Structure formats: structure tokens, C-alpha cells
Amino acid sequence: MPVKILMVCLGNICRSPLAEGILASKLPTEKFLVDSAGTGSWHVGHAPDKRSISTAKKNGLDICNQKGRQFSRADFDTFDYIFVMDSSNYNDVIHLAQNETQKAKVQLILDAIFPDENVDVPDPYYGMANGFDQVYKMLDEACEVIAERLIAKHSE
Ligand code: 4NP
């Protein structure tokens with residue numbers, strides 16, 4: 001059984017699709033499965049935002065086959081690790097948890113590089129075009145650390 005990791009943002013079209021693509025590219029597929037979801041339902045069934053697709057492409061990643069879906073309680077059972085993009089996603093996901101084991105699976109993704117500082121990945125949806133490059137860089141740095149830790153932890 002692969003180790004399963006879920007990336008969560010609000011819409012599942014900007015940040016978490018990038019996080020999914022970036023982390024998946026750093027992990028061996030036979031051991032790890034990476035998925036993403038949104039806490040909101042507006043973009044269920046949609047492809048990622050064009051700006052996320054082009055930012056990924058510039059960096060050698062193809063994320064255009066991803067499809068938006070909404071986070072649900074069942075994800076707490078399916079996934080071993082749940083990384084959220086910001087504190088609002090954190091509160092929304094924690095609110096759905098039914099016990100401490102489920103809560104313990106949820107981490108703010110930038111804790112990997114800024115531990116205990118509560119740093120959010122800013123939502124680039126309504127922002128400037130270069131917001132996507134900034135988001136990509138933050139996620140790439142965090143996912144590098146996360147991938148190293150996962151590989152070390154699940155190496156036998
Ligand atoms: P994301 O960005 O959470 O990074 O996917 C958003 C995309 C769409 C919306 C909100 C956030 N929206 O409200 O439609």
C-alpha cells in the first residue's frame with residue numbers, strides 16, 4: 001500500500017494542484033500517492049486554473065489532467081498526511097475531524113520550512129500574475145523538505 005498524501009486549498013484549482021504536482025515529482029510513484037482537494041465546492045470537476053497550469057509547465061510539470069474535488073471526511077481515513085495551504089484551510093479541515101488521530105494528520109504546508117511560524121501560502125486567485133511564481137517557489141521549497149522526510153521515514 002502506498003503512503004498517501006493529500007494537498008488541500010480552498011478552490012483546488014490554484015495552490016493545491018501545484019502542490020500535488022510538485023510533491024509527486026519528488027517522490028517515487030511505486031511508494032507514494034499524492035492527491036489534492038479543495039474545502040470549497042465551486043470548482044468540482046474543473047481543470048486547474050490556466051495560470052497554475054502554465055506556471056507548472058514552465059517548471060517542467062504537467063498538471064492539466066487534474067480534476068477539482070471537494071475535501072470530505074472520508075479523506076481522513078484514506079490519507080496518511082494532509083497538508084493545507086493556509087490557516088483558513090486548516091480551520092476548515094480540523095473542523096471536520098472526528099478525533100485526535102485525524103487532527104494529527106493535518107499540517108500547514110509551510111511549517112516544513114518555517115516551523116511554528118504559521119506562514120500561509122497566499123491565495124493567488126485574485127492577485128497579480130507573478131503571484132503564481134511566488135507560490136510555486138514556496139511550494140517547491142516546502143515539498144523538497146517534505147519529500148526528503150517522507151522518503152527517510154518510509155524507507156524500508
Ligand atoms: P485556490 O484558489 O484555493 O488556491 O484553488 C482559489 C480559487 C478559486 C476560489 C478561491 C480560491 N474561488 O472562490 O472560486
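Counting starts at 1 for both ligands and their atoms, in listed order. If you're wondering where the values come from, they're calculated on a predicted model, not measured in any experiment.
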When only distance counts, is Leu10 in polar contact with ligand 1, meaning an N/O pair under 3.5 Å? yes
Going by distance only, is there an N or O of Trp42 that falls short of 3.5 Å from an N or O of ligand 1? no
Determine whether a donor-acceptor pair (N or O, by modelled atom type, separation under 3.5 Å) exists between the side chain of Gln70 and the backbone of Thr39. yes
Just jot down the ligand 1 atoms closer than 4.0 angstrom to any heavy atom of Asp123, in number order. 2 (O), 4 (O), 6 (C), 10 (C), 11 (C)
To the nearest 0.5 Å, what is the distance between CG on Leu108 and CZ on Phe114? 11.5 Å
Purely on distance, is any nitrogen or oxygen of Asn12 under 3.5 Å from one on ligand 1? yes
CG of Leu10 to NE2 of His43, rounded to nearest 0.5 Å, is 8.0 Å
Plane angle bin for Phe83 and Tyr81 - parallel if under 30°, tilted between 30 and 60°, otherwise perpendicular: parallel
Examine Gly11 against ligand 1 and note whether any of their N/O atoms are separated by less than 3.5 Å. yes
At less than 4.0 angstrom from any non-hydrogen atom of Cys14, what atoms of ligand 1 do you find? 1 (P), 2 (O), 4 (O), 5 (O)
Take every heavy atom of His43, measure it against each atom of ligand 1, and state whether any distance is under 4.0 Å. yes
So with a 6.0 Å cut-off around NZ of Lys58, is the heavy-atom count from everything else above 12? yes
Which of these, Lys4, Arg69, Lys105, sits in a salt bridge (Lys or Arg N to Asp or Glu O under 4.0 Å) with Asp75? Arg69
